Structures are given as C-alpha cells and as structure tokens.
Amino acid sequence: MALKIYNSYTRQKEVFQSITPGHVGMYVCGPTVSGESHLGHARPYITFDIVNRYLTHKGYKVRYVRNITDAGHFEEEGREAEDKVSKKALLEKLEPMELVQKYTNLFHWAMLQFNCVEPSIEPTATGHIVEQINMINKIIAAGYAYETNGSVYFDVIKYAATHDYGKLSGRVIEDLLDAGSREVLSRELEGQREKRNSADFALWKSAAPEHIMRWTSPWGEGFPGWHIECSAMATKYLGAEFDIHGGGMDLQFPHHESEIAQSTICNHQAPVRYWMHNNMITINGKKMGKSYNNVIKLTELFSGNHPLLTQAFHPMVVRFFILQSHYRSPLDFGSEALVASEKALKRLWEAFEVLGKLEIDNEQLATDNELNDKVLKMLNELEEFMDDDFSTAKVLANMFELAPVINSIKDGHVKTTALAGSTLTLMQQQFTFYLVDIFGLTSMVSDKNNTLQGVMELLIDIRKESKAKKDYATSDKIRNQLNTLGIAIKDEKDGSVNWDLN
RNA sequence: GGUUCUGUGGCCGAGUGGCUAGGCAAAGCUCUGCAAAAGCUUCUACAGCAGUUCGAAUCUGCUCGGAACCUCCA
C-alpha cells in the first residue's frame with residue numbers, strides 16, 4: 001500500500017516517493033532554546049516522531065534532522081534590535097551559552113519523557129555560522145541579496161519576479177508589498193528603512209554594541225537571520241533537495257516561505273518535496289504562546305502545578321492525547337480532555353497487556369467466523385489509516401473497538417476458540433507494532449519491584465483468606481487502604497487477583 | 001483591513017455525497033459478599049438559512065460565530 005502525505009505546498013494528499021530509493025531526508029524545525037518548552041511544542045515533535053517511526057518501519061533509512069535554534073532572534077523587530085537569547089541572559093546574569101545549555105537539556109529531558117526517538121542529527125545554529133555566511137555569499141553573488149549598514153537582506157521583489165514567492169503560505173506578493181496593513185507603519189519606522197522593501201527579510205543582522213552573541217562576517221560583526229539557519233543546516237545534511245520538511249503551521253510564513261526562496265536561489269532548485277505542517281494546540285480556542293500569556297510548560301503539565309490543571313499528567317497521556325486527533329486539526333487543550341485521555345489510554349493499555357498474555361494455539365480455526373472476519377477487517381484497516389496521511393486517531397478508534405473483544409475473551413464471555421489462532425497472533429503483532437513501535441507508547445506504571453511484588457502477594461493472600469472466612473471487614477480494609485495508597489485490586493473472573501499502581 | 005482555515009451529540013474528537021467512528025461522562029443490566037475492573041445495552045449529533053442532488057455533516061451561496069498567519073512563535 002502506498003503512503004499518502006498531505007503536502008502543504010500543493011495543498012493535497014500525494015503519494016509519497018522518496019528521492020533516493022530506500023532513503024528519506026527529513027528536516028523539522030526544532031526549538032528555540034531561550035526558554036522552557038510548553039505543551040504547544042510537544043505537538044510537532046510527537047507528530048514528526050510518528051512520521052519518523054512509521055517511515056522507518058516502512059523500510060526507509062531515515063535521516064531525521066532537527067535543529068536547535070540557539071542563536072536567537074529579534075524580540076521586537078524595528079525597535080530594540082536585541083537578540084532574544086542575549087536579552088534574557090542579561091536579565092538573568094548568565095552567560096548566553098549557559099542559558100542555551102540549560103534549556104537544551106530541559107528540552108532533551110522532555111523528549112525523553114515523551115519517548116521520542118532522537119533525531120539522526122541535531123545541529124545547532126551557532127555551530128553552523130560558517131555555512132550560513134557561505135550561503136549568504138552565494139545569494140549575494142546571484143544578485144538576490146544586498147547589504148546595508150552591515151546587514152544583508154534578501155530581495156523578495158526580485159525573487160518574486162521570476163519565482164512563486166508566497167505559494168506555500170498562500171500569500172500574494174502584492175499584498176505583502178502593500179503597506180496598507182495595520183502594523184507596517186510602526187515596523188517601517190526605524191531600522192526597517194534600510195530594507196528596499198518591507199517584504200525583504202534579513203539574512204544577516206549587524207549587531208548592536210550590547211549584543212553578546214556576535215560573529216565576524218564579510219559585512220562586519222553580527223548574527224545570522226532566523227531563516228537562513230534552517231536552510232543552511234538542511235542543505236548541509238540533506239542536500240539541495242530533500243524529501244520532507246516539517247514544522248508548526250505558524251512557521252509557514254515567513255519562515256518556511258523564506259527558506260524556499262533562499263535555498264532556491266542558492267541551490268538552483270526548490271529544496272523540499274513534501275511540506276508538512278502540524279496544527280496548533282489551543283487553550284480555550286486560542287493558540288498557546290508566550291504572546292497570549294496562556295502557556296502551560298511541560299514541567300507544569302507533568303507536575304500538575306498550574307492553575308488550569310486539576311492534576312498532574314503522565315507524558316504518555318499527553319502523547320496519547322495528541323495522537324487522538326489528526327495532526328492537521330487544531331487541538332483544544334482542557335484538563336477534562338486530558339483526564340478523558342488518561343482513562344482511555346489506561347483502558348487500552350490494559351487490554352493490550354491482556355492480549356499479550358493470551359495463550360494462543362496457532363492451529364486453532366475460528367468458530368465464530370463473523371467475529372473473526374470483523375476483527376481481521378479492523379486489523380487490516382490499521383495500515384490503510386496510517387498510510388492515509390498518518391490518521392492515528394482512526395487507528396486508535398479501531399483498537400478501542402477491539403478492546404472489548406480482548407476483554408471478553410479474558411472474562412470468558414467470548415471463547416478463545418471464537419477467533420482463529422492466526423487472528424489472535426496477528427492482533428498481538430498489530431497492537432504491539434502500532435502501540436509500541438509506531439505510537440511510541442509505554443506503560444504508565446512505574447516498575448513494580450520485587451519487594452513490593454512480594455508484599456502485595458502477601459496482602460492478596462491474607463485478603464483471600466479473610467474472604468474465605470467471610471471476614472469482609474478485613475478484606476475490605478486491605479482493599480480500601482491500598483486504594484488510598486494508589487494501588488487498585490482487581491478480582492478477575494477466574495478467581496485470580498491482579499493489582500495495579502495508579 | 002488582507003489571506004487562509006474552521007464551527008460535529010454534556011465534553012474531547014474522527015469523518016468530505018448514501019454505511020453505528022472512537023474516547024470520556026451519564027443511565028440501566030450482567031458479574032461480585034459489596035465494590036472496583038470488565039462485558040452488554042441506551043443516549044444517533046453535524047452553527048443558521050437557502051440551493052444542487054434520488055440522497056448532504058460532507059458540494060454551492062449567503063448569514064452568524066471561532067481561529068491562524070500578515071510581527072518572535074511549534
């Protein structure tokens with residue numbers, strides 16, 4: 001079956017074909033490490049983790065490049081041309097690179113919590129200044145950039161005359177040039193005068209004296225523009241043309257649009273085959289972001305320490321929450337929605353564990369053909385769903401429909417022989433494949449160590465004896481006290497007793 | 001103001017012409033010493049109006065609401 005990917009550039013689903021057979025080059029815009037990651041950041045990295053995992057399991061050798069933006073950008077363009085990272089560094093009286101390191105570590109920690117597979121290469125912007133300067137030189141040589149006062153700008157007008165600037169983001173060049181819109185006035189006031197046109201973007205910025213982060217360049221001391229960073233690193237590690245470029249929808253313009261322009265001039269071809277953009281996580285319908293002051297940091301989410309949270313949420317719950325919607329749809333955050341996801345994930349995971357423990361006779365033929373066919377149909381649909389632009393929500397929906405079948409077999413409502421042994425085996429394989437390998441979910445239960453296991457067996461034993469003697473006061477006391485401690489006792493249909501940490 | 005997207009049951013959320021999405025919540029039943037867990041059943045919605053069609057949540061138009069981008073942003 002063929003994988004189809006929605007290409008933001010053409011605005012349609014296209015059959016995926018890699019440029020180099022058997023290999024995929026994927027670039028995803030990474031975090032700006034000037035602050036702590038929040039829930040919104042979780043979405044792209046989880047989304048593209050799924051893409052990475054799925055392509056890998058499709059047999060591709062994926063080179064997944066995700067950068068670290070540690071050079072910083074303008075806080076408020078046109079006013080204080082101050083570097084974001086260095087500004088905060090001054091406030092906190094820290095060496096900029098110390099700050100960068102701190103938030104990079106925190107980001108890596110969060111990725112680990114989410115069980116995201118590490119990218120193949122994680123280049124930093126500051127580590128690729130030379131490449132960026134080289135690229136800018138090429139663009140100047142080609143006549144598509146100009147220098148003013150130690151800064152270099154990309155000539156959008158000239159580019160747009162022969163290229164489709166604005167196609168990715170659905171922008172019309174005339175609109176961009178039209179100064180009639182709201183804030184253009186204020187932006188045009190100061191440094192902006194050095195641009196030939198307001199639509200032009202910076203490739204290199206001359207550094208004001210207070211700037212801590214600065215590098216020597218052919219145009220004087222300064223620092224690179226934001227867009228050139230991604231173009232330079234993507235080109236270096238993935239080549240002039242590569243397969244997939246991912247990122248949040250909010251980066252479409254101007255970031256990705258500008259990347260296309262720069263790379264096209266520099267490398268004489270469009271850089272990306274498939275552009276993929278994930279939608280935003282909203283909170284009360286509004287995008288989560290610093291400017292909206294509605295940020296929930298990942299550390300707050302995992303600890304429950306935030307006014308909007310009723311409790312702490314396990315990273316896997318957040319991951320599952322994100323997978324329950326399609327990556328191109330907006331996803332509205334709410335404590336209630338996360339609680340629902342938590343319960344749902346727990347139920348599905350338990351069914352998965354039950355499934356893994358079923359004893360299967362592979363020679364067994366199905367005695368309930370109708371059910372058997374239904375199960376097979378649902379299992380076979382899973383790949384179809386994933387191939388259809390990564391419809392993780394549909395995969396999960398089918399699994400939820402299969403969960404009662406699994407539980408019924410365990411409880412004896414449905415005979416094990418109802419399904420063919422081969423069907424059960426396939427179900428085990430498919431559940432493991434999607435839940436563990438592709439969705440990257442793990443158990444939420446911390447490891448039950450041997451001591452605890454022994455203590456629990458003892459308690460369960462005592463409770464069994466009390467029940468046998470109809471001493472319910474004792475049996476209930478054990479059950480209720482354990483419950484208070486976060487341990488749930490489950491009496492199974494066959495008389496055995498299981499327990500779980502909540 | 002411009003461009004683009006969007007509006008699904010109590011809540012979250014799939015779904016782009018005909019077939020019960022799914023989850024959470026709620027109610028009833030089964031199981032159980034009682035619970036929990038699990039199973040079964042019930043709750044059948046698509047902002048409004050008009051149109052196209054044998055048939056529309058799905059296409060078209062209008063109205064109303066919401067969002068993103070146009071400025072750092074996942």
Side-chain angles (χ1 to χ4, degrees), chain A residues 11 28-32 34-35 37-48 69 72-78 84 166 169-172 174-176 178 180-184 186-187 199 226 246-255 257 277-282 285-292 320-321 324-326 328-334 336-348 350-351 354 385 391-401 403-408 410-414 467 470-472 475-476 479-480 483 488-493 498 500:
Chain A
R11 286 154 202 270
V28 174
C29 290
T32 301
S34 61
S37 299
H38 58 73
L39 174 59
H41 296 113
R43 199 169 195 193
Y45 307 128
I46 289 172
T47 297
F48 292 105
T69 299
H73 312 299
F74 312 125
E75 184 78 281
E76 276 183 300
E77 200 174 49
K84 212 199 227 173
S169 54
R171 222 132 299 229
V172 183
E174 285 75 23
D175 291 342
L176 293 169
D178 184 17
S181 62
R182 307 173 295 156
E183 283 142 276
V184 170
S186 63
R187 262 186 280 141
W226 176 34
M249 270 178 78
D250 51 349
L251 297 182
Q252 252 181 18
F253 189 89
H255 188 54
E257 198 72 68
H277 291 97
N278 63 275
N279 214 313
M280 302 291 102
I281 286 187
T282 59
K286 279 256 192 289
K287 172 185 168 184
M288 187 176 290
K290 266 186 193 163
S291 29
Y292 294 105
F320 182 79
F321 173 67
Q324 266 189 305
S325 70
H326 189 90
R328 282 188 286 112
S329 300
L331 175 58
D332 200 46
F333 164 85
E336 240 182 273
L338 273 186
V339 169
S341 285
E342 183 183 79
K343 289 185 181 172
L345 173 58
K346 214 176 157 210
R347 200 166 89 85
L348 187 62
E350 277 173 12
V354 166
F385 294 155
S391 297
T392 54
K394 284 178 156 188
V395 171
L396 288 173
N398 266 24
M399 288 187 160
F400 272 109
E401 287 206 66
V405 177
I406 296 166
N407 288 326
S408 293
K410 183 187 107 181
D411 289 348
H413 293 133
V414 170
K467 280 176 72 174
K470 293 198 195 290
D471 176 8
Y472 296 124
S475 67
D476 285 354
R479 186 179 66 197
N480 297 338
N483 217 297
I489 294 280
K490 290 193 287 186
D491 293 325
E492 304 295 351
K493 291 278 186 290
N498 276 322
D500 252 321

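Side-chain atoms are counted along with the backbone in the values below, which use heavy atoms only and exclude waters and symmetry mates. Chain letters run A, B, ... following the sequence lines, proteins first, then strands; residues in each count from 1. This one's a predicted model, so the numbers in the text were calculated from it and none came from an experiment.
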A.B. asks: With rounding to the closest Å, how many angstrom separate the C1' atoms on B:G9 and B:U52?
C.D. replies: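 To the nearest whole Å, 28 Å.
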A.B. asks: Using a 4.0 Å heavy-atom cut-off across all strands, classify A:Ser169 as base, sugar-phosphate, or nothing.
C.D. replies: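 Since no nucleic acid heavy atom lies under 4.0 Å of A:Ser169, the category is nothing.
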A.B. asks: A:Asp500: what forms a side chain to side chain donor-acceptor pair (under 3.5 Å) with it, not counting sequence neighbours?
C.D. replies: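 Once residues adjacent in sequence are excluded, A:Asp500 has no partner under the side chain to side chain donor-acceptor pair (under 3.5 Å) criterion.
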A.B. asks: So do the side chains of A:Cys29 and A:His255 get within less than 4.5 Å of each other, counting heavy atoms only?
C.D. replies: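 They are in side-chain contact.
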A.B. asks: Taking salt bridge (charged side-chain N to carboxylate O under 4.0 Å, His left out) as the definition, give me every residue that meets it alongside A:Lys467, ordered by chain and number, with sequence neighbours left out.
C.D. replies: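 Counting only residues at least two positions away or on another chain, A:Lys467 forms a salt bridge (charged side-chain N to carboxylate O under 4.0 Å, His left out) with A:Asp491.
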A.B. asks: Judged by each residue's nearest nucleotide on RNA chain B, which is more toward the 5′ side, A:Tyr45 or A:Lys410?
C.D. replies: A:Lys410
A.B. asks: Restricting to salt bridge (charged side-chain N to carboxylate O under 4.0 Å, His left out), what partner residues turn up for A:Arg171, sequence neighbours left out?
C.D. replies: none
A.B. asks: For a quick check, tell me whether the side chain of A:Arg479 and the base of B:A36 share a donor-acceptor pair closer than 3.5 Å.
C.D. replies: no
A.B. asks: Specify the separation, in whole Å, of atom NE2 of A:His326 and atom C1' of B:A14.
C.D. replies: 10 Å
A.B. asks: So what's the dot-bracket for RNA chain B: Watson-Crick or G-U pairs under 3.5 Å, [ ] if a pair crosses, | if it pairs off-strand?
C.D. replies: (((((((..(((.....[...))).(((((.......)))))....(((((..]....))))))))))))....
A.B. asks: To the nearest Å, how far apart are A:Asp411 CG and B:U32 C1'?
C.D. replies: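 These atoms are roughly 12 Å apart.
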A.B. asks: With rounding to the nearest 0.5 Å, note down the distance linking CG in A:Asn278 to CG in A:Leu251.
C.D. replies: 8.5 Å
A.B. asks: OP1 or OP2 of B:A74 less than 4.0 angstrom from a side-chain nitrogen or oxygen of A:Thr32, does that happen here?
C.D. replies: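 Yes, A:Thr32 has a side-chain N/O under 4.0 Å of OP1/OP2 on B:A74.
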A.B. asks: Taking the side chain of A:Arg171 as its heavy atoms from C-beta onward, which of B:A14, B:A74, B:C70 lies nearest to it?
C.D. replies: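 When the side chain of A:Arg171 is considered, B:C70 is the closest of B:A14, B:A74, B:C70.
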A.B. asks: B:C29 and B:G17: how far apart are their C1' atoms, nearest whole angstrom?
C.D. replies: 39 Å
A.B. asks: On a whole-Å scale, what distance lies between the C1' atoms belonging to B:U42 and B:U53?
C.D. replies: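 Here B:U42 and B:U53 have their C1' atoms 34 Å from each other.
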A.B. asks: Please identify each residue that fulfils salt bridge (charged side-chain N to carboxylate O under 4.0 Å, His left out) with A:Glu492, with sequence neighbours left out.
C.D. replies: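 If we apply the salt bridge (charged side-chain N to carboxylate O under 4.0 Å, His left out) test to A:Glu492, skipping adjacent residues, the hits are A:Lys410.
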A.B. asks: Dump the intermediate steps for side chain to side chain contact (heavy atoms under 4.5 Å, CB included) on A:Ser325 and A:Arg43, then the final yes or no.
C.D. replies: CA-CA 11 Å; A:Ser325 70; A:Arg43 199 169 195 193; 3.1 Å; yes
A.B. asks: Given that A:Ala403 and A:Gly170 both sit by RNA chain B, which one's nearest nucleotide is further toward the 5' end?
C.D. replies: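 Of the two residues, A:Gly170 wins.
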A.B. asks: Give A:Met288 one of three labels, base, sugar-phosphate or nothing, depending on what nucleic acid heavy atoms sit under 4.0 Å from its own.
C.D. replies: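 Since a base atom lies under 4.0 Å of A:Met288, the category is base.
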A.B. asks: Categorize A:Met280 for me: base, sugar-phosphate, or nothing, with a 4.0 angstrom heavy-atom threshold over every strand shown.
C.D. replies: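 Since a base atom lies under 4.0 Å of A:Met280, the category is base.
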A.B. asks: For A:Ser291, which contact category applies under a 4.0 Å heavy-atom criterion: base, sugar-phosphate, or nothing?
C.D. replies: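 Base contact.
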A.B. asks: Check nucleotides 65-67 of chain B for protein N or O atoms closer than 3.5 Å to its own N or O atoms and list the pairs.
C.D. replies:
from	atom 1	to	atom 2	distance (Å)
B:A67	OP1	A:Lys286	NZ	2.3

A.B. asks: Please determine whether any donor N or O and acceptor N or O are separated by less than 3.5 Å between the side chain of A:Arg328 and the base of B:C5.
C.D. replies: no
A.B. asks: Under a 4.5 Å cut-off applied to non-hydrogen side-chain atoms, are A:Met280 and A:Met288 in contact?
C.D. replies: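 The answer is no, as the side chains (C-beta and beyond) never meet within the 4.5 Å cut-off.
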A.B. asks: Ignoring backbone atoms, establish whether A:His41 has a side-chain N or O less than 4.0 Å from OP1 or OP2 of B:A74.
C.D. replies: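 So the side-chain polar atoms of A:His41 do come within 4.0 Å of the phosphate oxygens OP1 or OP2 of B:A74, strictly under.
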A.B. asks: OP1 or OP2 of B:A14 less than 4.0 angstrom from a side-chain nitrogen or oxygen of A:Ser391, does that happen here?
C.D. replies: no
A.B. asks: Measuring only between side-chain heavy atoms, which start at C-beta, is A:Asp476 closer than 4.5 Å to A:Arg479?
C.D. replies: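 The answer is yes; the side chains approach within 4.5 Å.
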A.B. asks: CZ of A:Phe253 versus P of B:G2: gap in Å, rounded?
C.D. replies: 17 Å
A.B. asks: Closest approach to the side chain of A:Ser475, judged atom by atom: which nucleotide of B:A37, B:G33, B:C12 is it?
C.D. replies: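 The nucleotide sitting nearest to the side chain is B:G33.
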A.B. asks: Tell me, please, which residues at least two apart from A:His326 pass ring pair (Phe, Tyr, Trp, His ring centres under 6.0 Å).
C.D. replies: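 Once residues adjacent in sequence are excluded, A:His326 has no partner under the ring pair (Phe, Tyr, Trp, His ring centres under 6.0 Å) criterion.
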A.B. asks: Under 3.5 Å, which N/O atoms of the protein pair with N/O atoms of nucleotides 22-27 of chain B?
C.D. replies:
from	atom 1	to	atom 2	distance (Å)
B:C24	OP1	A:Arg347	NE	3.3
B:A25	OP1	A:Lys343	NZ	3.0

A.B. asks: Quick one: list whatever passes side chain to side chain donor-acceptor pair (under 3.5 Å) with A:Asp332, sequence neighbours left out.
C.D. replies: A:Thr282
A.B. asks: Using atom C1' of each nucleotide, how far apart are B:U32 and B:A37 to the nearest Å?
C.D. replies: 11 Å
A.B. asks: Of all residues at least two apart in sequence or in a different chain, which pass the side chain to side chain donor-acceptor pair (under 3.5 Å) check with A:Asn398?
C.D. replies: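 For A:Asn398 the side chain to side chain donor-acceptor pair (under 3.5 Å) partners, ignoring immediate neighbours, are A:Glu381.
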A.B. asks: Could you give the NZ-to-P distance, from A:Lys467 to B:A36, as a whole number of Å?
C.D. replies: 14 Å
A.B. asks: Give me the distance, rounded to whole Å, that separates B:C43 from B:U8 when you measure between the C1' atoms they each carry.
C.D. replies: 16 Å
A.B. asks: CG of A:Asn407 versus C1' of B:C31: gap in Å, rounded?
C.D. replies: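 Whole-Å distance recorded here is 14 Å.
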A.B. asks: Taking the P atom of each, how far is B:A56 from B:A47, in whole Å?
C.D. replies: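 These two P atoms come out 15 Å apart once rounded.
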A.B. asks: In whole angstroms, how far is the C1' atom of B:A14 from the CG atom of A:Leu331?
C.D. replies: 13 Å
A.B. asks: Please report the distance, rounded to the nearest Å, between NE2 in A:His277 and P in B:U4.
C.D. replies: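 Nearest whole value for this atom pair: 17 Å.
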A.B. asks: Specify the separation, in whole Å, of atom OH of A:Tyr472 and atom P of B:C34.
C.D. replies: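 So the two atoms are 8 Å apart, to the nearest Å.
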A.B. asks: Quantified in whole Å, what is the P atom distance between nucleotide B:G18 and nucleotide B:G55?
C.D. replies: 14 Å
A.B. asks: Please list, chain by chain and in numerical order, all residues satisfying side chain to side chain donor-acceptor pair (under 3.5 Å) with A:Lys490, sequence neighbours excluded.
C.D. replies: A:Glu350
A.B. asks: Is there a donor N/O on one and an acceptor N/O on the other, under 3.5 Å, for the side chain of A:Asp476 and the base of B:G33?
C.D. replies: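 Result: at least one qualifying N/O pair found.
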A.B. asks: My understanding is that only residues two or more places apart in sequence, or in another chain, count here; which of them pass ring pair (Phe, Tyr, Trp, His ring centres under 6.0 Å) with A:Tyr45?
C.D. replies: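 A:Phe107.
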A.B. asks: Using the P atoms only, state how far B:G15 lies from B:G7, rounded to an integer number of Å.
C.D. replies: 11 Å
